[in-house]
Amino acid sequence: MGMRPNVLLDKCNWSLLRIFRVIVQEGSLNKAAIKLFLTQSAISQSLKRLEEQIGETLIIRTGGKFYLTATGEIVFEASMMIYSQLMDYEERLNTEKNSLSGTIKLLVLSRIESTRYDQLLHDFHQKYPLVDFQVDVLKSKEIQQLLLQKIPALGIGINQSQHSKLKYQTLINQKYALFCSDKHSLYTKMFKVLNKLKVMDLFLFRVSN
DNA sequence: GCTAGTATCTCAATCTTGTC
DNA sequence: GACAAGATTGAGATACTAGC
């Protein structure tokens with residue numbers, strides 16, 4: 001008396017079991033073909049190959065009637081368990097992929113007020129909740145120097161000149177204005193030509209150095 | 001790199017069954 | 001019996017793999 005070979009372990013491939021699972025779930029070769037984007041012929045041949053490998057009929061097809069044999073029930077149960085296990089692994093793999101963690105050093109100017117900036121930080125945190133930001137407030141020139149030393153991953157500053165080794169992207173368009181007191185001769189005056197201002201006594205500050 | 005074998009697919013023809 | 005829907009079969013194409 002010979003032992004029954006391990007047909008499921010040794011001979012079956014996942015592709016055939018997968019097709020078989022869909023056939024049973026859909027209750028029709030035709031519907032399975034539509035679901036799997038294959039032809040009816042391919043489905044029929046796959047089922048035939050699976051039955052040949054197992055050595056037994058799995059599905060009784062007599063016209064409109066469609067039902068599983070005892071062996072078919074067992075194979076279907078096996079295919080569902082394998083499918084469930086693979087789905088679990090798939091989920092774990094996706095979780096691993098999204099579990100980026102660590103700390104990003106972010107160098108910024110003081111008083112950045114921008115909905116885009118806020119949204120950027122918010123979206124990043126939603127996507128990578130395990131990533132922390134270490135935010136340091138510095139001058140633009142210092143930010144650029146540290147970026148060139150590859151210390152932070154990201155810097156936000158004001159740059160009048162761009163360095164060839166850094167990549168720049170506009171984050172915010174800010175407006176600057178002149179302010180003067182009501183005692184000043186410029187108060188309420190409108191200027192269209194900035195050159196006129198250069199000859200006057202003004203308090204100036206440099207924003208990027 | 002070439003060749004043979006295998007697996008899997010599509011296409012077209014044919015068969016089977018149910019419905020009118 | 002005619003027709004439609006679903007299933008099967010055979011031929012051929014393509015992709016992959018192992019052996020040389």
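Here is how names work: the chains are called A, B, and so on, in the same order as the sequence lines, proteins then strands, and each is numbered from 1.
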Rounded to whole Å, CD1 of A:I59 lies from P of C:dA7 at a distance of 10 Å
Which residues share a side chain to side chain contact (heavy atoms under 4.5 Å, CB included) with A:I82, sequence neighbours left out: A:W14, A:L17, A:L86
From CG of A:L29 across to C1' of B:dT17 the rounded distance in Å is 15 Å
Would you say the side-chain atoms of A:E56 and A:T71 include a donor-acceptor pair closer than 3.5 Å? yes
Do you know the tightest heavy-atom contact between A:L16 and A:S46? CD2-O, 3.6 Å
Find the distance A:I23:CD1 to C:dG6:P and express it as a whole number of Å. 15 Å
Phosphate OP1/OP2 of B:dT8 contacted by A:R49 side-chain N/O (<4.0 Å): yes
Please answer whether the main-chain N or O of A:M80 pairs with a side-chain N or O of A:S84 as donor and acceptor at a distance below 3.5 Å. no
Look at the side chain of A:L38 and decide which nucleotide, out of B:dT10, C:dA7, B:dT8, has an atom nearest to it. B:dT10
State, to the nearest 10°, the angle formed by the axis through the first five base pairs of the helix from B:dG1-C:dC20 to B:dC20-C:dG1 and the axis through its last five. 10°
Please tell me which of the listed nucleotides, B:dT10, B:dC9, C:dT8, lies nearest to the side chain of A:S44? C:dT8
Within this structure, what is the CG-to-P distance between A:L50 and B:dT8, rounded to whole angstrom? 10 Å
For A:E73 and A:T69, which I'm curious about, is there any donor-acceptor pair between the side chains at under 3.5 Å? no
Using modelled atom types and a 3.5 Å cut-off, is there a donor and acceptor pairing between side-chain atoms of A:S28 and backbone atoms of A:N30? yes
Given atom CD1 of A:I43 and atom P of B:dC11, what is their separation to the nearest angstrom? 14 Å
A:I19 CD1 - B:dT8 C1' separation (whole Å): 9 Å
Over all heavy atoms of both residues, which pair between A:R21 and A:F76 is shortest? Give the atoms and the distance, please. O-CE1, 3.8 Å
Once you round it to whole Å, what is the distance between P of B:dT17 and CD1 of A:I60? 13 Å
In whole angstrom, give the distance that lies between atom CD of A:Q40 and atom P of B:dT10. 12 Å
Check: A:Q45/A:R49 side-chain N/O donor and acceptor closer than 3.5 Å: no
Does a donor on one side chain and an acceptor on the other come within less than 3.5 Å for A:S15 and A:R18? no
Between the protein and nucleotides 10-12 of chain C, are there any N/O to N/O pairs under 3.5 Å, and if so, what are the atom names and distances?
| from | atom 1 | to | atom 2 | distance (Å) |
| --- | --- | --- | --- | --- |
| C:dG10 | O6 | A:S41 | OG | 3.4 |
| C:dG10 | O6 | A:Q45 | NE2 | 3.3 |

